[in-house]
Amino acid sequence: MPTSEEHRFVYEFREGDRTKKDLLGGKGANLAEMTNLGLPVPPGFTVTTAACRAYLAHGDQPPGLKAEIDDHLRRLEEARSKRLGAADDPLLVSVRSGAKFSMPGMMDTVLDVGLTNTSVPGLAAETGSERFAWDSYRRLIQMFGTTVMGVDAREFDRALEDARREAGAETDVDLGVDGLKALVATFKDLVRHRTGREFPQDPAEQLDLAVRAVFDSWNTERARVYRRRERIPQDLGTAVNVMSMVFGNLGPDSGTGVAFTRDPGTGAPGVWGDYLPNAQGEDVVAGIRNPVPLADLEAIDPVSYRDLLRAMETLEGHYRDLCDIEFTIERGKLWMLQTRVGKRTAAAAFHLAVEFLDQGLIDEAEALGRVTGDQLAQLMFPQFAHRSRPEPIASGVPASPGAAVGEAVFDSKAAAERSGPVILVRRETNPEDLPGMIAAAGILTSRGGKTSHAAVVARGMGKTCVVGTEGLKVDTEGRRFTVPGGIEVREGDVISIDGTTGAVYSGAVEVAASPVVEYFEGRLDAADAGGVVAAVARMMELADRHRGMGVHANADTPEDAERARRFGAAGIGLCRTEHMFLGERRRFVEDLILAESRAGRDRALAELLPLQLEDFEGIFAAMDGLPVTIRLIDPPLHEFLPDLTDLSVRVALAEERGRVDEDQARLLEAVRRLDEQNPMLGLRGVRLGLVVPGLVAMQVRAIAEAAAARIRAGGEPHPEVMVPLIGSVHEFELMRSEIERVVAAVSEETGVAVPVKIGTMIELPRAALTAGPIAESAAFFSFGTNDLTQTVWGFSRDDVEGSFFPAYLELGVFEVSPFESLDEEGVGRLVSIAVEEGRAARDDLIVGVCGEHGGDPASVRFFDRIGLDYVSCSPFRVPVARLEAGRAALAGEAADASR
Ligand code: ADP
Ligand code: MG
Ligand code: MG
């Protein structure tokens, strides 16, 4: 026997409770909870996850485990007055996997362990059913053969099918004793042939092997893939539950079923589940025979039905949540085999949180803990109407949810040319496809995963996106794609893509707008709409009341700013100015770069000024009374110039024809000069402002004049100028004096005192590490966690996400891309240091974050923990961030409960 608690590997059901999921797994902890509630749970014990971890680390059972299992088995035998696999009246057990987080169907379970050639007759005699005994034996050999001994499951299925056909039996229930006996013999032969070993006849050996197999099933490929997708750590291990068997396959007065305490689709109360008479556990899910609706059980076995409803009521009252249940009825007696807080749709989650809150069963913190930002995001995407959905023509990775319908186009140019909605179809996307992605209703690619460029950008823009579409052949030049079935889609043909499921349809599928978005847009009243809209409105109110952190939006245009405000943003955390240099305005940038004299440069800048001014006025008007943080131009200048290769070819051709265009040749020279090996680390951000004369002055002048105009018009603009990509306080100070000089000049000229706050982005490690001195001179910090992640890891995002990130995720270097969810240990540590040292230097320093991470639930919790003033994210993510900020404020317990 073990000497101390730490070295205990086995717990009886009655020794556990639901708080011990880490140690006993979810299934074990909840079996313990049900046992202690007095519900009819077959007795048994749980081998801990610690035992599994030790087993996986050493490749063998840890010392003492076997003795402990033997000891608990003996106690179980005493309690049931039966012996495992004895020749007469044998005890049989199930050996069930069960990790901390539910992983449906991912790991193994073996039923009827203990049956052998000698105990089958004993079981037959005891139950009075020879058929049942042989049916149980064939089930054991089948499950044990596949999960423990590694025989292909399909071989057993085939043999079973053959046996049925020979006997003329419609289903397995119609197989008689002789048929089953023959089948057992066939199964044993199968095991012998495929493994070179006999099916083990020692019950103790069966138990031992089954326990090991469950441990091993933690590391199967499909389990690992599942955990990666669900962000479940790979090192938790699984518990093993050993439980006395109860039999649903003992005849028509027996059966098995699954049930929910209410409808998991809507959260509405009611009897919800399936029942399969004369069957054992797996049969319901396996779809061997069709189950009947749970309500039919009332007529079949009213007593068990009543007991079951009462047990469900007990569970829901106890867990104060929707539960799902596995049960078995053995000759008119109900047994509870499993329960857990049930998975539900996003809509049901919001309904249930409000309903339980209203009934006083849970408090506000817990209610908020039961809905997630991801669920809210799901409710905000349009969806295909349920009726009239055709067969998909292809299927890919669902990368950004929603439903999009449009004409297929194959590049940005075609996207811009068509007037109606389009779907951009590419092999994969890169920054050059941005205009096309902006114009498109949806994006479809044949390559890439959930962190590919297309996926990340689409999520940021709230656009429907399907990536990595198997078998999709994109022929960009031919302007068409084909799918495996031979269907060809040409440019202009209408397709529909579902970013929630990954399905691709030919033709237009009907789309329904999200009522939740209609509500945020102010087009739908929550009280009138009722249903999920009312529930969402209620939870948003809770979140806003509890949250400490502000939510701002990243918005570059007046339209985006207006939407952000409707969605509840308290300002703009990042207004990028890049688009103000694109399109028609590109040629002014060319002029600016080519200008040889100060006068030429000033002329180009003077052309740009009024255009920018107009943009800023619109944004200030949309955000009247709220801060608008404007980032000075950030990307390298060559992004605004023609492509080097294209231009080289053009100039070379012109030369050949003897018609050299002076301007083109000079432009080519400039483009060559500005071409960089690593543009991400080149001439960009503050560096541009410091070396291209007049550029920053022009932008600041536009901002200040726009603000002055707004003030004169009776508005209340709060412009904040943000300097990107500084590494040293010196860079910042040079910029600041330039900015102050221009603002003072504008105030003087217009006679309006323009209030402009000047701050900086913190997006380079050096800036984070010298935050103290920087804060002495900057009024605010905004963490650019994208660039910070790139520079902390030394990753060029556009290069790594498509190439080796999938391998890194596979290898477990990280469980989720650091561009999707903030890397707390590395990047997060720098952010913490900068916040601390920045605030120490200036106590009224405002600290926020802009970039994808501002809308990511896990990252939002981190930012709340380290005390940021606000997060800023795309307008569509604003409600998500509000909700998550509310959840974060109500601390760890709320967040934990949502798993
Ligand atoms: P999963 O996690 O895949 O649901 P389970 O461990 O719950 O696997 O078991 C598979 C099936 O066997 C379930 O339907 C379960 O109810 C049933 N089952 C498990 N243990 C027993 C038992 N002791 N007696 C009868 N049925 C059982
Ligand atoms: Mg189960
Ligand atoms: Mg940046």
Side-chain angles (χ1 to χ4, degrees), residues 13 21 24-31 34-35 39-47 73 76 79-80 82 84 90-115 123 127 132 135-136 139-140 142-144 146-148 153 206-207 210-211 213-215 217-218 220 222-223 226 238-250 254-260 273-289 291 308 311 323-331 333-343:
F13 288 162
K21 290 203 178 96
L24 304 178
K27 198 180 283 168
N30 287 322
L31 281 170
M34 285 203 291
T35 303
L39 293 173
V41 177
F45 53 87
T46 303
V47 183
L73 179 63
L76 183 61
R80 308 283 327 260
K82 293 169 187 238
L84 184 72
L91 171 72
L92 304 186
V93 295
S94 61
V95 179
R96 318 171 64 186
S97 59
K100 176 175 182 189
F101 300 112
S102 127
M103 299 169 50
M106 285 302 129
M107 290 182 302
D108 295 335
T109 283
V110 188
L111 305 183
D112 301 314
V113 168
L115 268 183
L123 184 65
T127 56
F132 156 75
D135 183 46
S136 300
R139 286 169 186 271
L140 171 64
Q142 189 170 353
M143 274 199 215
F144 197 94
T146 51
T147 61
V148 183
Q206 285 179 8
L207 177 59
V211 170
V214 171
F215 284 158
S217 71
W218 174 258
T220 57
R222 61 183 175 152
Y226 180 86
T238 179
V240 183
N241 302 288
V242 177
M243 185 180 203
S244 336
M245 284 300 299
V246 291
F247 302 106
N249 53 335
L250 260 172
S254 304
T256 187
V258 293
F260 284 81
D274 292 319
Y275 181 70
L276 191 58
N278 199 4
Q280 208 176 33
E282 309 282 52
D283 299 355
V284 184
V285 204
I288 297 172
R289 280 178 283 142
L308 177 65
C323 296
D324 69 22
I325 286 159
E326 288 174 6
F327 67 93
T328 281
I329 295 171
E330 179 182 314
R331 291 194 166 147
K333 160 125 182 68
L334 172 74
W335 292 97
M336 302 294 285
L337 299 185
Q338 186 175 326
T339 192
R340 69 192 157 202
V341 167
K343 295 237 158 84

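First listed ligand is number 1; within each ligand, the first listed atom is number 1. We number each residue from 1, following the sequence as shown. This structure is a prediction, so every number in the text was calculated from the model and none was measured.
Checking Ser97, Ser244, Gly248 against atom 23 (N) of ligand 1, the nearest heavy atom belongs to Ser244. With distances taken over non-hydrogen atoms, the option nearest atom 27 (C) of ligand 1 out of Val258, Leu337, Val113 is Leu337.
With a heavy-atom cut-off of 4.0 Å, Leu111 touches ligand 1 through its side chain alone. By the criterion of a heavy-atom distance under 4.0 Å, the side chain of Glu326, and not its backbone, is placed next to ligand 1. Contact annotation: for Pro42 versus ligand 1, there are no heavy atoms closer than 4.0 Å. Of all the heavy atoms of Gln338, the ones lying under 4.0 Å from any atom of ligand 1 belong exclusively to the side chain.
Between the side chains of Asp112 and Gln280, at least one donor-acceptor pair of N or O atoms lies under 3.5 Å.
Shown are Val148, Thr146, Thr147; of these, the side-chain contact (heavy atoms from CB on, under 4.5 Å) with Phe144 is made only by Val148. Residue Leu92 is tested with Leu140, Leu115, Leu84 for a side-chain contact (heavy atoms from CB on, under 4.5 Å); the sole match is Leu115.
You'll find the side chain of Trp218 reaches within 4.5 Å of the side chain of Met103, heavy atoms only. Put simply, the side chain of Leu337 reaches to within 4.5 Å of the side chain of Val246, judged on heavy atoms.
The Mg ion (ligand 2) is closest to atom OE2 of Glu326 (considering only N, O or S atoms).
Close approach of ligand 1 to Lys27 is summarised as follows: ligand atoms under 4.0 Å from at least one heavy atom of the residue are 1 (P), 2 (O), 5 (P), 6 (O), 7 (O), 8 (O). Near Val246, meaning under 4.0 Å from any of its heavy atoms, are these atoms of ligand 1: 24 (N), 25 (C).
Ligand 1 lies nowhere less than 4.0 angstrom from a heavy atom belonging to Met103.
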